[in-house]
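One structure below.
In each ligand, atom 1 is the first atom listed, and ligand 1 is the first ligand listed. Worth saying up front: this structure is predicted, and the values here are computed from it rather than measured.
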Amino acid sequence: MIPKNHPRYESLILREKIKNAHEEGYLSDSGMIAHGRGEAFDYLLGEKSTEPSEMAVKIGVAKLLLAKNPVISINGNTTALVVDEVIQLAKLIPAKIEINLFYRTEKRVDIIKDIVNKKGYNNVLGTNEDELLYIKDIKSPRATASKNGIFSSDLILVPLEDGDRTEILVDSGKEVIAIDLNPLSRTSKKANITIVDNITRAIPLMIETTKKFKDYNEEKLKDIIKDFSNEDNLKESLNCMDLGNM
Ligand code: PTJ
């Protein structure tokens with residue numbers, strides 16, 4: 001039991017969720033390492049959203065609202081930390097939800113599917129029963145995609161991702177919005193839009209922004225997107241971590 005007045009309460013609660021998800025068998029061993037790396041970058045960001053991340057959220061939401069077949073990809077860590085918020089965002093946009101695991105096992109997929117179903121969302125894609133195809137004919141589990149989801153999607157939101165798959169998706173002509181606390185990662189550099197923030201803050205902010213943008217017309221949404229440079233935004237995020245300013 002973590003006392004509420006502990007100075008690191010929020011961070012310890014997230015660790016607890018990650019640890020429990022690992023014990024329940026749906027978070028990969030590497031998911032724990034990935035979380036630790038994320039924690040380190042979050043520390044450098046002051047554990048708060050920054051101006052560049054808020055800007056990337058606006059661009060990402062405008063893109064999601066403009067997309068023809070947007071999909072939110074979920075893995076072990078995303079499910080452990082923000083499954084309720086992902087479902088809320090998917091319903092608002094509306095976007096599909098697809099399970100896509102780097103370390104794919106049938107058991108992990110089934111547990112994640114059950115968790116999402118128990119939350120009242122029954123259309124999750126990428127399950128063991130779904131028709132899975134290979135993006136760009138790459139016969140690797142990380143390149144599998146649901147026929148009606150990621151495979152035919154024009155825009156995919158990938159919270160907490162590995163660089164290889166982002167690269168495969170972008171190379172196959174799809175647009176990718178990544179959420180990654182590390183602005184130096186291959187995922188961050190390869191994605192079209194990178195939100196350098198913790199998924200626990202970024203997804204709720206995306207929900208609020210979607211509610212605001214929902215009734216904007218196409219022209220207004222396109223206007224929001226028009227001058228965005230992911231490269232510049234990543235540099236600005238890095239500057240927010242400037243240790244000299246701490
Ligand atoms: O569940 P699976 O099998 O799909 O596996 C998921 C992981 C995350 C293990 C897999 O995709 C992986 O190995 O990812 P990487 O290459 O370790 O990259 C994860 C990135 O997410 C790192 O750059 C971390 O800094 C970042 N990260 C970790 N926690 C968070 C985060 N970014 C945003 N919010 C977080 N909470």
Checklist entry - Between G76 and ligand 1, is there a nitrogen or oxygen pair with a distance under 3.5 Å? => result yes

Next on the checklist: Which residue and atom name correspond to the protein heavy atom nearest atom 21 (O) of ligand 1, and how close is it?
Outcome noted: L160 CD2, 3.3 Å

Checklist entry - Which residue holds the protein heavy atom closest to atom 6 (C) of ligand 1, what is that atom called, and what is the gap in Å? => result N75 ND2, 3.6 Å

Checklist entry - Which residue and non-hydrogen atom of the protein lie closest to atom 14 (O) of ligand 1, and at what distance in Å? => result E161 O, 4.0 Å

Checklist outcome for this item: of all protein heavy atoms, closest to atom 36 (N) of ligand 1 is N198 OD1, 2.9 Å

Checklist entry - Take atom CD in E106; do more than 12 heavy atoms of anything else shown fall under 6.0 Å from it? => result no

Next on the checklist: So if I count the atoms of ligand 1 from 1 in the order they appear, which ones are less than 4.0 Å from some heavy atom of L81?
Outcome noted: 36 (N)

Checklist outcome for this item: All heavy atoms of D197 vs all of S49, minimum pair found to be OD2-OG, 2.6 Å

Item to check | Shortest non-hydrogen separation from E47 to S11 and the atoms involved | outcome: OE2-CB, 4.4 Å

Item to check | Residue K214 excluded, over 12 heavy atoms near NZ under 6.0 Å | outcome: yes

Item to check | Where ligand 1 meets S28 - atom numbers and elements under 4.0 angstrom, heavy-atom basis | outcome: 5 (O), 9 (C)

Checklist entry - Do L160 and D180 touch side chain to side chain, with heavy atoms closer than 4.5 Å? => result no

Item to check | side-chain contact (heavy atoms from CB on, under 4.5 Å) assessment of M55 paired with I59 | outcome: CA-CA 6 Å; M55 171 56 72; I59 306 296; 4.1 Å; yes

Checklist entry - Under 3.5 Å between some N or O of ligand 1 and some N or O of S30? => result no

Checklist outcome for this item: The closest protein heavy-atom partner of atom 32 (N) of ligand 1 is L181 N, 3.1 Å

Checklist entry - Does ligand 1 have a heavy atom under 4.0 Å from the side chain of R108, from its backbone, from both, or from neither? => result side chain

Checklist entry - Does L14 approach ligand 1 within less than 4.0 angstrom via side chain, backbone, both or neither, non-hydrogen atoms only? => result neither

Next on the checklist: If you apply the rule side-chain contact (heavy atoms from CB on, under 4.5 Å), what do you find for T210 with L65, and how did you get there?
Outcome noted: CA-CA 8 Å; T210 306; L65 289 169; 4.3 Å; yes

Checklist entry - Between the candidates F102, Y26, F41, which shows the shortest non-hydrogen contact distance to atom 4 (O) of ligand 1? => result F102

Item to check | Note, V109 side chain near L101 side chain (heavy atom, < 4.5 Å) | outcome: yes

Checklist outcome for this item: In ligand 1, the atoms that come under 4.0 Å of a heavy atom of N182 are 23 (O), 25 (O)

Item to check | Crowding at NZ, K174 (>12 non-hydrogen neighbours, <6.0 Å) | outcome: yes

Checklist entry - How far is atom 34 (N) of ligand 1 from its nearest protein heavy atom, and which residue and atom name does that atom have? => result I199 N, 3.0 Å

Checklist entry - How far is atom 23 (O) of ligand 1 from its nearest protein heavy atom, and which residue and atom is that? => result D180 OD1, 2.9 Å

Checklist entry - For E51, does the CD atom sit with more than 12 other heavy atoms under 6.0 Å from it, leaving out its own atoms? => result no

Next on the checklist: So for atom NZ, which belongs to K58, do other residues, nucleotides or ligands contribute more than 12 heavy atoms lying within a distance under 6.0 Å?
Outcome noted: no

Next on the checklist: Out of all atoms in ligand 1, which are within 4.0 Å of some heavy atom of G31? Include the element for each.
Outcome noted: 9 (C)

Next on the checklist: For a side-chain contact (heavy atoms from CB on, under 4.5 Å) check, start with the C-alpha distance between V158 and R165, then their side-chain angles and the critical distance, and finish with the verdict.
Outcome noted: CA-CA 10 Å; V158 283; R165 201 164 69 94; 3.7 Å; yes

Item to check | Top protein contact for atom 11 (O) of ligand 1, by heavy-atom distance | outcome: D162 N, 3.7 Å

Checklist entry - Between A34 and ligand 1, which part of the residue brings a heavy atom under 4.0 Å of the ligand: side chain, backbone, both or neither? => result both

Item to check | Close-contact set for ligand 1 against D197 heavy atoms, below 4.0 Å | outcome: 33 (C), 34 (N)

